[in-house]
Amino acid sequence: MNKDIFLTNSLGNKKEKFIPIDENNVGMYVCGPTVYDDPHIGNARPLVVFDILFKVLKCKYGNKSVSYIRNITDVDDKIIQSSNEKKISIEELTKKVTINYHSDCDYLKCDKPNKEPKATEHISLMVKMAEDLIKKKYAYVNKNHVYFEVKKFKDYGKLSNKNLEELIAGSRVEISENKKNPEDFVLWKPSKNNEPSWESPWGKGRPGWHLECSVMSKKYLGIKFDIHGGGRDLIFPHHENEIAQSRCANDTDKFANYWVHNGFITISNEKMAKSQGNILKINDFKKKINGQVLRLALISSHYKQPLDWNDKLINDCQKILNKWYECHVEVNKKVLIPEDSLSPLYEDLNTPGYIANIHKLYDKAYNGSVKDKQIFTTACNFIGLLTDSKDKWLNFKKEKSNISEKEILLKIEERDKARKNKDYKLSDKIRDELINKGVLIEDKDGKTTWKIK
RNA sequence: GGCAUCGUGGCGGAAUGGUUACGCAGAGGAUUGCAAAUCCUUCUAUCCCAGUUCGAUUCUGGGCGAUGCCUCCA
C-alpha cells in the first residue's frame, strides 16, 4: 500500500509521518523482558502491539527490509532478588523464565523478532561504552562505580518532559555519597561475592540497568535507527538514560527517531501490582483460553490508551472469534486486503478501527463468495487472528475439558431418542445436565453439535 | 508540587470543523418442540462554561472530574 504510516512519537508527543532512515533497512528496537519472573498480561501488551507494528512495517517495506530487535535482560537486581527468594540459581531462573517467555510468545501468535540478544552476551561492549563515556568526560569513576554525569548532556529530560531542577527538587532520586549529583545514574557497579560479576577496569562488577539497550541497539541497528518501543513506564528513567548514554557515546544528535510507548493494563479498573495481588500471568490463561482471544482483547483498545482487563472483555472476544471462525476458509494464494480496510493500521496502529473493518468484511463474507471469505480470513490473519484451522480452534477446548467425548456423545444419542419420542422433558433434562458440566448443545440443520462453554 | 494523558450512547471503544464507526447489551423478526448459535431490522452519546466559526463533539481559553509518571512496574 502506498499510504504513509503515522506514529505517535513520544519525543515531542505528536503524531508524525513515519519516514525511515533507509527504506530497505528499517530498524525497530523494543525493550523485552527482564527475566526474573514469568511474563504477565501487562508484558503481553507490548509483545502484541509491537508484533502488529512489525507486521505493518513488513507490509509496507517488505519482509526483508525490516529488522525487529527485542532484547532479553538477564542481569539485573530484580533477578538477583528473585533468585534468592525462589532459592534457585540465577542461571536456572533466567533459563526457566526465558523458556516460559518464548512459550508465551508462541501462545500469543507473535512473529519471531529478527534477533533476541541477551544482556549477558554483550558485557564487553557495555564495558567498552562505559570506557568511551569516561574518555569523553560524560562519566566518572568513584569507588569501583561508574556514573553517568547527567548535567553534561544538555538534552536530558527531552523525552520525558523533565528538567533537572525539578528532578532534584523532587529529591526522590536515589542519593548516594558516591555520586557527584543526585541525578547521576550507574553505568557499572561492583558485585557482592555471590552476585554475578564480570571483569572490568573498575574491578569485578556488573552493568547498570540501561546500558544493555544502548549497546545492543547499536550493535544490531546502528548508532541511529528508526523506532524504539516499550511500555510507557520505561520513558523515565530507562529510555531517557538510554538516549543520554547513546548520544554521548556515539556523538550523535539523535538516537531513535520515533519513540513508541504502549499504555498500561488495569485489572477490573485496579492497577495491576504485586501489592494488589492481582498480577495475571500469561501462562495461567493457557489451559482455558485460546491465545487468539487474548490477542484480540489486547488490541481492542488503541495501544496508547489504558486497557481494562475483565471477564466481559474476554467473553466478548471469545464470542467474536467463535463467530468469525464460522467464515474461516483456507487461503493458499496471495489475497489483498482492501486498502480502506487496512488503512486504520497505518494511522498510528489503530487496531480498534481495523477490527471494526473486519466486522464489516465478515458481514460481506457471510453471505458472499469464496473470494469474500478469503479476503475476510486474510484480514484476520494479518493481525495474527484465525491463523489456526477451524478444527484446531474447535478442538482447543475439547482437549482441555475433563469430560470425555464418548460420554457426551452417549448423552446426545440418548437425548435424540427422547426428542424423537417427543419426550421433551427428558431431552431438556439431559441438555441441562450437560450444561452443568460445561457442555453446550446446539441443534443445527437437523444435527446436534456440542462445544465446551 | 511538577509533567503528561483522558472525559463519546446502558457498557466497551474508534473517528471527525458539517451527514458520527464497530462490538456487547436492549427491542422486534426469521429459525427452533423449547433453547442455543446464526441471520435480518432497530433504539440510544460526544463532562460544564465561554470564545473562534456560517457551523464545534472535534480548534482555543477556563472550570470540574478521572488516571498515569516523577519510586529499576510492560
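Letters A, B, ... are given to chains in the order of the sequence lines, protein chains preceding strands, and every chain is numbered from 1.
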Practice task
Enter the distance from A/Cys380:SG to A/Trp324:CH2 here, rounded to the nearest 0.5 Å.
Solution key: 5.0 Å
Practice task
Return the nearest nucleotide to the side chain of A/Asp76; candidates are B/A4, B/C70, B/C72.
Solution key: B/C72
Practice task
Determine the interatomic distance between P on B/A25 and the same-named atom on B/A36; round to the nearest Å.
Solution key: 11 Å
Exercise for the section: Give RNA chain B the dot-bracket treatment, 5' to 3': Watson-Crick (N1-N3 with N6-O4 or O6-N4) or G-U (N1-O2, O6-N3) under 3.5 Å, [ ] crossing, | other strand. Expected result: (((((((..(((.....[...))).(((((.......)))))....(((((..]....))))))))))))....
Completion exercise
In whole angstroms, the gap separating P of B/A74 from CG of A/Asn43 amounts to 6 Å
Exercise for the section: Specify whether A/His210 and A/His238 have parallel, tilted or perpendicular ring planes, treating 30° as the upper limit for parallel and 60° as the lower limit for perpendicular. Expected result: tilted
Problem - 5' precedence on RNA chain B between A/Ile355 and A/Lys319 (nearest-nucleotide basis) - result: A/Ile355
Practice task
Compare side-chain N and O positions of A/Lys271 against OP1 and OP2 of B/C69 and report whether any pair is under 4.0 Å apart.
Solution key: yes
Practice task
Take atom C1' in B/G13 and the same atom in B/C24, then report the distance between them in whole Å.
Solution key: 11 Å
Completion exercise
Atom CH2 of A/Trp209 and atom P of B/C72 are separated, to the nearest Å, by 7 Å
Exercise for the section: Report the residue from A/Phe6, A/Tyr346, A/Tyr258 that forms a ring-ring contact (aromatic ring centres under 6.0 Å, His included) with A/Phe18. Expected result: A/Tyr258
Practice task
Taking atom types as modelled, find out whether A/Tyr366 and A/Asp372 have a side-chain donor-acceptor pair closer than 3.5 angstrom.
Solution key: no
Exercise for the section: Tell me whether A/Phe264 is stacked on the nucleobase of B/A74, counting only the six-membered base ring and applying the 5.5 Å and 30° thresholds. Expected result: yes
Problem - Given RNA chain B, 5'-ward residue of the pair A/Tyr366 and A/Thr34, judged by closest heavy atom - result: A/Tyr366
Practice task
Decide whether A/Ser191 and A/Ser197 meet the rule of one side-chain donor and one side-chain acceptor closer than 3.5 Å.
Solution key: no
Practice task
Could you check how far CG of A/Asn322 sits from P of B/A37, rounded to whole Å?
Solution key: 10 Å
Handout entry: Pairwise distance CD(A/Glu149) to SG(A/Cys248) - rounded to 0.5 angstrom
Key = 10.5 Å
Handout entry: Candidates A/Asp104, A/Asp388, A/Asp51 - the one meeting salt bridge (charged side-chain N to carboxylate O under 4.0 Å, His left out) with A/Lys109
Key = A/Asp388
Problem - Gap in Å between the two P atoms, one belonging to B/U16 and one to B/U44, rounded - result: 24 Å
Handout entry: Rounded distance (nearest 0.5 Å) linking atom CG of A/Leu108 with atom CZ of A/Arg45
Key = 13.5 Å
Fill in the blank from the handout: Between CG of A/Asn357 and P of B/A21 the distance, given in whole Å, is 13 Å
Problem - Phosphate OP1/OP2 of B/C73: any A/Lys274 side-chain N/O under 4.0 Å - result: no
Practice task
Take atom P in B/A66 and the same atom in B/G61, then report the distance between them in whole Å.
Solution key: 22 Å
Handout entry: Side-chain donor-acceptor pair present, A/Asp348, A/Thr8, cut-off under 3.5 Å
Key = yes
Exercise for the section: Tell me what A/Tyr362 touches on the nucleic acid: a base, only sugar-phosphate, or nothing, going by heavy atoms under 4.0 Å. Expected result: sugar-phosphate
Exercise for the section: Between B/G26 and B/A37, how far apart are the P atoms? Round to whole Å, please. Expected result: 10 Å
Report, one pair per line, the protein and nucleotides 12-14 of chain B atoms (nitrogen or oxygen only) whose separation is under 3.5 Å.
residue: B/A14; atom: OP1; partner: A/His302; partner atom: N; Å: 2.6
residue: B/A14; atom: O3'; partner: A/Asn350; partner atom: ND2; Å: 3.2
residue: B/A14; atom: O2'; partner: A/Asn350; partner atom: ND2; Å: 3.0

Mind listing the N/O atom pairs, protein and nucleotides 42-45 of chain B, below 3.5 Å?
none

Handout entry: Sugar-phosphate, base or nothing in reach of A/Ile265, heavy atoms under 4.0 Å
Key = base
Problem - Protein-nucleotide distance (A/Ile320, atom CD1; B/A25, atom C1'), rounded to Å - result: 13 Å
Problem - Ring geometry between A/Phe148 and A/Phe185 (parallel below 30°, tilted from 30 to 60°, perpendicular above 60°) - result: parallel
Practice task
Give one of base, sugar-phosphate or nothing for A/Asn315, where a contact means two heavy atoms less than 4.0 Å apart.
Solution key: nothing
Handout entry: Contacts of A/His102 that satisfy ring-ring contact (aromatic ring centres under 6.0 Å, His included) - sequence neighbours left out
Key = none
Handout entry: Side-chain H-bond candidate by donor/acceptor type, A/Thr34 with A/Asp76, under 3.5 Å
Key = no
Handout entry: Whole-angstrom distance between B/G12 and B/C47, as gauged at atom P
Key = 14 Å
Completion exercise
Distance col, row A/Asn43:CG vs A/His40:NE2, nearest 0.5 angstrom, shows 4.0 Å
Exercise for the section: Figure out the CG/P separation between A/Leu345 and B/A21, and round it to whole Å. Expected result: 20 Å
Handout entry: Nucleotide-resolved protein contact map, nucleotides 27-36 of chain B, B/S/- at heavy-atom distance under 4.0 Å
Key = ------BBBB
Practice task
Would you mind classifying the nucleic acid contact of A/Lys429 as base, sugar-phosphate or nothing, using non-hydrogen atoms under 4.0 angstrom?
Solution key: nothing
Handout entry: Partners passing ring-ring contact (aromatic ring centres under 6.0 Å, His included) against A/His239 (at least two apart in sequence or in another chain)
Key = A/His228, A/Trp259, A/His261
Exercise for the section: Can you tell me the distance, in whole Å, between the CD1 atom of A/Ile235 and the P atom of B/U5? Expected result: 11 Å
Handout entry: Spacing of the P atoms in B/C11 and B/C54 (rounded, Å)
Key = 36 Å
Practice task
State whether a side-chain donor-acceptor pair under 3.5 Å links A/Ser200 with A/Trp188.
Solution key: yes
Handout entry: A/His145-A/Tyr147 aromatic ring centre distance below 6.0 Å
Key = yes
Handout entry: P-based separation of B/C48 from B/U58 [nearest Å]
Key = 10 Å
Handout entry: A/Ile279 CD1 - B/C73 C1' separation (whole Å)
Key = 8 Å
Practice task
Would you indicate what A/Gly231 reaches in the nucleic acid, counting non-hydrogen atoms under 4.0 angstrom: base, sugar-phosphate, or nothing?
Solution key: sugar-phosphate
